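Below you'll find the structure, written out as structure tokens, and then a few comments.
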Amino acid sequence: MGSNPSRGLLGVMMAFETVRGMRDLPPELARKKQKIEEICKQTFERYGFEPLDTPIVESLELLTKKGSAGEAIENEIYAFEDKGGRKLGLRFDLTVPLARFVASSRSLQIPFKRYQIGKVYRYDRPQAKRYREFTQADADIIGVSSVLAELELISLSYDIIKELRIEAKLALNSRKLLESIAIASGVKRDQLSDCFRIIDKVSKVGWDEIEKELCSKKIRPDILDIIKRNDLEYAKKVILSSEQCDNGLERLNDLLRYVKIIGLSDFVNVDLSLARGLDYYTDIVMEIKSLDGTSIGGGGRYDGLIEKYGGKSTYATGISFGIDRMLDTIFDKIISKETMVKAFVAVVRNEDFDEALKVVTKLRSMGMNAEFDLMHRNISKNLEYASRKGIPYFIIIGPKELSERKVKLRDMKTGKERYFNLSDIEKIKETL
RNA sequence: GCUGCGGUGGUGUAACGGUAGCAUACGGGCCUGUGGAGCCCUUGGUUUGGGUUCGAAUCCCAGCCGCGGCCCCA
């Protein structure tokens with residue numbers, strides 16, 4: 001088919017489909033996605049984060065600013081020119097727009113805690129769980145140097161994961177520490193970026209494979225021995241014996257101590273191989289992985305980014321959740337087969353239809369989600385419709401009921417039926 | 001952007017190079033006011049464009065889309 005409408009043999013117009021890498025969500029999935037977003041939003045707000053809304057379109061210059069996201073992601077930017085010849089692009093994350101906002105805000109109250117849930121775009125090869133348009137939920141704390149900021153992020157991550165009933169763990173590491181270990185084991189400064197990228201793949205390809213890769217790039221593989229142990233005490237000894245000073249170890253230990261205090265030690269694992277791809281991370285990095293290994297969120301500290309966008313040097317740390325990834329992993333764990341519709345109103349005879357209209361209007365004015373038969377189908381079909389759609393209550397208006405100025409309310413689950421007077425429909429809502 | 005595999009109604013499947021069929025979903029009907037059932041009926045398909053052939057879902061080439069890998073990442 002192709003993304004343009006094509007013509008079949010008889011010149012008949014074929015239907016459009018979504019463009020490559022983008023998808024429609026049918027009601028069942030859209031409902032779940034909304035539910036996930038809602039949980040994120042409520043959690044963020046419970047922790048005192050405020051919403052920020054920024055444009056999807058940014059200047060290409062901002063998005064490609066060197067030293068921010070890294071070269072690799074530049075190839076993934078959806079870029080285009082507008083009619084005025086301005087070079088623009090679609091945001092590939094929510095952190096860069098935030099940094100722009102902060103950099104250009106003169107009077108931000110610190111700490112600035114903001115959240116944002118929105119679509120982002122990356123022009124890469126679509127595969128399962130990889131889309132060119134996807135939704136992220138971001139929470140960031142600006143202006144705080146203490147790892148208490150990271151603690152907040154970890155804590156809210158736990159709350160979200162728990163509420164979604166996803167089985168996942170949070171991996172934690174420090175780029176500074178990793179850097180110190182690398183330098184101490186003979187990796188040259190200009191090899192760090194490559195080195196980290198390779199190490200980050202361990203869980204995917206295994207130790208032997210990355211050792212080969214390191215060697216092929218002429219990077220000394222000694223670092224692997226340290227990382228393999230995944231032992232902070234051992235790492236400490238290695239670093240202390242060299243001349244690395246600001247190694248991030250202390251901060252990582254502080255954070256772990258706090259994590260223990262709030263009882264999340266089981267949720268958080270130190271993983272010395274965690275590096276993460278984006279270049280703007282400077283210290284603590286974290287990643288949330290579900291048990292099947294897919295990454296559903298990640299983040300870390302990016303203390304240098306805001307300055308790069310013309311602001312003053314500012315501490316910053318944040319986390320971002322991949323809503324679509326969560327949606328794909330949850331799939332049917334959140335049972336939301338029921339529609340938001342609470343009641344369906346149907347008549348037995350068409351001539352009583354006006355009464356149904358009045359009743360449904362009344363229900364809606366009370367704030368109740370209600371539907372009625374738009375198609376004049378018979379009662380049996382309507383029951384079937386309501387049943388399949390999972391509407392919990394069915395209101396029947398027939399000659400028997402009307403002769404007593406009543407309606408019948410049927411509980412679709414139990415089959416129990418009760419009568420209500422037409423004059424006090426309000427009572428229906430109270431009793432549900 | 002590079003690379004391997006794939007593509008039949010909405011969904012799931014069948015068809016030696018020779019009549020595109022089945023199931024399910026959707027829509028309609030019956031059961032004459034109580035549902036997820038049953039019976040009957042309708043609609044709807046070979047990803048697109050070329051080529052080979054008397055004849056292509058089937059073979060060849062290209063595009064599109066999907067899946068996996070590289071790259072990277074949510």
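In what follows, chains are A, B, ... by sequence order, proteins preceding strands, each numbered from 1. Fair warning: this is a prediction, and the values are worked out from it, not measured in the lab.
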Mate of B:rC70 across any strand shown (Watson-Crick or G-U wobble, both atom pairs under 3.5 Å) is B:rG1
Remember a base hit wins even if backbone is also touched, and classify A:Glu133 as base, sugar-phosphate or nothing at under 4.0 Å, heavy atoms. nothing
Assess the side chains of A:Tyr385 and A:Glu371: does a donor N or O sit below 3.5 Å from an acceptor N or O?
-> yes
The Watson-Crick or G-U wobble partner of B:rG6, with both key distances under 3.5 Å, is B:rC65
- B:rU19 and B:rG12: how far apart are their C1' atoms, nearest whole angstrom? 24 Å
| So does A:Arg125 get a side-chain nitrogen or oxygen closer than 4.0 Å to the phosphate oxygens (OP1/OP2) of B:rC73? | no
Under a 3.5 Å cutoff, is there a donor and acceptor pairing between the side chains of A:Thr54 and A:Gln116? yes
Indicate whether the side chain of A:Ser174 and that of A:Asp283 have a donor and an acceptor atom separated by less than 3.5 Å.
yes
The nucleotide from B:rG33, B:rG35, B:rC67 with an atom nearest the side chain of A:Lys408 is B:rG33
Side-chain atoms of A:Asp124 come closest, of B:rC72, B:rG35, B:rG33, to B:rC72
Atom CG of A:Asn382 and atom C1' of B:rG33 are separated, to the nearest Å, by 12 Å
Under a 3.5 Å limit on both distances, the Watson-Crick or wobble mate of B:rG17 is none
Subject >> Donor/acceptor link under 3.5 angstrom from A:Arg20 side chain onto base of B:rC64 >> reply: no
| task | Would you please confirm or rule out a distance under 4.0 Å between OP1 or OP2 of B:rC71 and any side-chain N or O of A:Lys201? | result | yes
By the Watson-Crick or G-U definition, both distances under 3.5 Å, B:rU58 is matched with none
Rounded to whole Å, the CG-P distance (A:Leu402 to B:rG33) equals 15 Å
ask   = Has the side chain of A:Arg23 got a donor or acceptor that lies under 3.5 Å from a partner of the other kind on the base of B:rG66?
value = no
Between A:Ile160 and the options A:Ile296, A:Ile36, A:Thr43, the side chain to side chain contact (heavy atoms under 4.5 Å, CB included) test singles out A:Thr43
Worksheet entry | P spacing across the pair B:rG4 / B:rC61, given as an integer number of angstrom | 12 Å
Quiz item: So, A:Tyr302 and A:Asp140: side-chain donor and acceptor under 3.5 Å apart, yes or no?
Solution: yes
ask   = Hey, does the side-chain of A:Glu401 have a donor or acceptor N/O within less than 3.5 Å of a partner on the base of B:rG33?
value = yes
Review point. Distance between the C1' atoms of B:rG7 and B:rG63, in whole angstroms?
Key: 14 Å
Suppose we call a contact any N or O donor and acceptor under 3.5 Å apart; does that hold for the side chain of A:Gln127 and the base of B:rG69? yes
If stacking means aromatic ring centre less than 5.5 angstrom from the base's six-membered ring centre, planes under 30°, is A:Phe134 stacked on B:rA74?
yes
Base, sugar-phosphate alone, or nothing: which one does A:Ile396 contact when heavy atoms must sit under 4.0 Å apart?
base
- Task: Test the A:Lys113-A:Phe49 pair against the cation-pi criterion, namely NZ or CZ under 6.0 angstrom from the six-membered ring centroid and within 45° of the ring axis.
- Result: yes
### Query
Just checking A:Gly21: base, sugar-phosphate only, or nothing, at a heavy-atom cut-off of under 4.0 Å?
sugar-phosphate
Checklist entry - Does B:rA74 have OP1 or OP2 sitting under 4.0 Å from an N or O in the side chain of A:Arg276? => result yes
message = On the side chain of A:Arg388, is there an atom forming a donor-acceptor pair with the base of B:rG35 - under 3.5 Å, no angle test?
response = no
| query | Less than 3.5 Å between a donor and an acceptor, one on the side chain of A:Lys381 and one on the base of B:rU34, is that the case here? | reply | no
* Asked: Quantified in whole Å, what is the C1' atom distance between nucleotide B:rG44 and nucleotide B:rG10?
  -> 9 Å
Can a side-chain donor-acceptor contact be found between A:Asp373 and A:Asn382 if the only test is distance below 3.5 angstrom? yes
Interatomic distance at P, B:rU53 relative to B:rC67, whole Å
37 Å
Exercise for review: Sticking with atom P, work out how far B:rA15 lies from B:rC22, rounded to a whole angstrom.
Suggested key: 15 Å
Item to check | Pairwise P distance, B:rU8 and B:rU13 [rounded to whole Å] | outcome: 9 Å
